[in-house]
Amino acid sequence: MSAVEPLAPGRRDAITDVRGVRVGHWTSRRQATGCTVILCEESTLGAVDVRGGAPATHETEVLSGANAIRRCHAVVLTGGSAFGLASTAGVARWLAGRGVGVETKAGPVPIVTAAAIYDLPTGRNAFPGADEGERAAARATGRRVAQGSVGAGTGATVAKLLGVEQELKGGLGTASLVGPRGLVVGALAVTNSVGAIVDPETGELVAGPRGEGSGDMRTPEQAVVERVGGTDSFRTNTTLVCIATNADIEHVGVQRLAVHGHDGLARSIVPAHTLGDGDTVFALTTGEVATEPHDLTTLGLMAMLTVERAVVRSVRLAEGLAGVPSAREWREGSGKRG
């Protein structure tokens, strides 16, 4: 029996390992917010799956299997809650200026779909607008992707089961895997969850609600038992994901990749998909590599694994901001209680 090549990270270990996908950020550390643009002009199909109970989205219905276009030219992940969705106008403006979009008699109309996280309390109630979205689009490249407290992950926070007073910094992360015959799946995640962050590979608690002493974290089980009082911290969350692949699959297959992306969230965020989260997963394909019927199962596994790695990385690489320490700073005793 011939040896089977294992799944392995791509050259950049990022969503940009899918040829034709580019990523750009606009970041304001002073305002503790930002936006991230994933340009995908060469994508052939797109899909979305919303599982959280409090989403803030834009143009997601265009990706529905019942509709005509079922593709987009850019995905925007943004801070600023529903206000931040204004950044999509700048991305559309930038694309249209370059002749990108669905052809109409009046010229190209770019399809820009988006979702937002609620990060307003972290900074100064600021949000990205059209100009900031345009800047992020103009900065997009297919090279390495900046991670941590950047772009849409700038104001993200996690582990709010005991309230925002015990939260830690979330952020933005990305990962990729290369599979059989050159199939590639990449994911980018913006983690802003009520739940704690767990590394599925090791079982390690990466970020839990802060305890009494420096470095102490509560597990999700402990936090649920200890929790008293209101549910305000359950209204300030959402994890956003964009998955991309080069696999030539039909729209139903792209939709399944978005579904499998939520498996990665459920394995790395405990709990995920709460009523106060707007957890949303986009999936795209460039359709470059021919597939066999059984490849869809492999691609689903790759989507799950890249999403969970992107989530864990987004928190490990985050930096303390606006009085909220990162998990690393809290463990090392250098992070002060906010």
Side-chain angles (χ1 to χ4, degrees), residues 15-16 18 20-27 33-50 55-104 106-117 127-142 145 151-153 172 174 186-190 238 240-245 251 254-255 257-258 261 278 280-287:
I15 194 172
T16 50
V18 178
V21 173
R22 294 175 287 151
V23 175
H25 301 307
W26 174 82
T27 302
T33 193
C35 61
T36 296
V37 175
I38 300 144
L39 295 179
C40 49
E41 300 101 311
E42 298 179 29
S43 71
T44 56
L45 289 169
V48 63
D49 189 24
V50 181
T57 58
H58 172 79
E59 284 275 44
T60 52
E61 282 302 308
V62 74
L63 303 180
S64 168
N67 294 328
I69 297 177
R70 295 182 296 176
R71 63 162 298 196
C72 60
H73 303 98
V75 175
V76 178
L77 309 180
T78 182
S81 191
F83 301 112
L85 295 174
S87 59
T88 60
V91 179
R93 183 172 65 203
W94 188 86
L95 288 167
R98 284 151 184 79
V100 176
V102 175
E103 289 300 328
T104 73
V109 177
I111 306 299
V112 179
T113 188
I117 67 168
F127 55 89
D131 289 345
E132 289 73 29
E134 186 169 11
R135 289 174 195 164
R139 294 169 181 169
T141 74
V145 178
L172 180 148
T174 187
L188 185 148
V190 177
T238 284
L240 308 177
V241 172
C242 183
I243 297 168
T245 182
H251 186 265
V254 184
Q255 187 68 56
L257 291 190
T280 300
V281 178
F282 297 94
L284 310 165
T285 181
T286 59

Problem set entry | Minimal non-hydrogen separation, H251 against S64, with atom names | CE1-C, 4.0 Å
Problem set entry | Considering all heavy atoms, the nearest P128-G79 contact | CD-O, 3.3 Å
Exercise. Looking only at atom types and distance, does a side-chain atom of T113 sit under 3.5 Å from a main-chain N or O of E59, one as donor and one as acceptor?
Worked result: yes
For this session: May I ask you to decide if E41's main-chain N or O and R71's side chain share a donor-acceptor pair within less than 3.5 Å?
Result: yes
Problem set entry | Any side-chain heavy-atom pair of F83 and T33 under 4.5 Å | no
Exercise. Pick from T36, V91, L240: which one makes a side chain to side chain contact (heavy atoms under 4.5 Å, CB included) with V76?
Worked result: V91
Exercise. Heavy atoms, side chains only, cut-off 4.5 Å: are F282 and L63 in contact?
Worked result: yes
Exercise. Could you give the distance from CZ (F127) to CD (E132), rounded to the nearest 0.5 Å?
Worked result: 9.0 Å
For this session: Starting at CG of L85, measure out to SG of C35 and round the result to the nearest 0.5 Å.
Result: 11.0 Å
Exercise. Can you name the nearest heavy-atom pair linking A89 to A130, along with the distance?
Worked result: CB-CB, 4.2 Å
For this session: Please examine the side chains of I111 and R70, heavy atoms only from C-beta on, and report whether any two atoms are closer than 4.5 Å.
Result: no
Exercise. Under 3.5 Å, is there a donor-acceptor pair between the side chain of T44 and the main chain of T285?
Worked result: yes
Exercise. Side chain of R139, backbone of G24: donor and acceptor closer than 3.5 Å?
Worked result: no
Seminar exercise, completed: dist L39:CG -> T16:OG1 (nearest 0.5 Å) comes out at 12.0 Å
For this session: Any chance you could lay out the side chain to side chain contact (heavy atoms under 4.5 Å, CB included) test for L45 and Q255, step after step, and finish with the verdict?
Result: CA-CA 10 Å; L45 289 169; Q255 187 68 56; over 6 Å; no
For this session: Give the minimum heavy-atom separation between I38 and C242, together with the two atoms involved.
Result: CD1-CB, 3.5 Å
For this session: Check whether any side-chain heavy atom of V23 sits under 4.5 Å from a side-chain heavy atom of L188, and report yes or no.
Result: yes
Exercise. Under the 3.5 angstrom rule, does the side chain of S43 hit a backbone N or O of C72 as a donor-acceptor pair?
Worked result: yes
Exercise. CD1 of I243 to CG of L284: how many Å apart, nearest 0.5 Å?
Worked result: 9.0 Å
Problem set entry | Spatial distance of atom OG1 (T88) from atom CD (E134) [nearest 0.5 Å] | 12.5 Å
Exercise. Distance-only, no hydrogens or angles: does the S87 side chain make a donor-acceptor pair with backbone N or O of G129 under 3.5 Å?
Worked result: no
Exercise. So, for A96 and P110, which heavy atoms are closest and what is the spacing to 0.1 Å?
Worked result: N-CG, 3.6 Å
Seminar exercise, completed: Between G151 and T27 the two heavy atoms that sit nearest each other are N-OG1, 2.7 Å
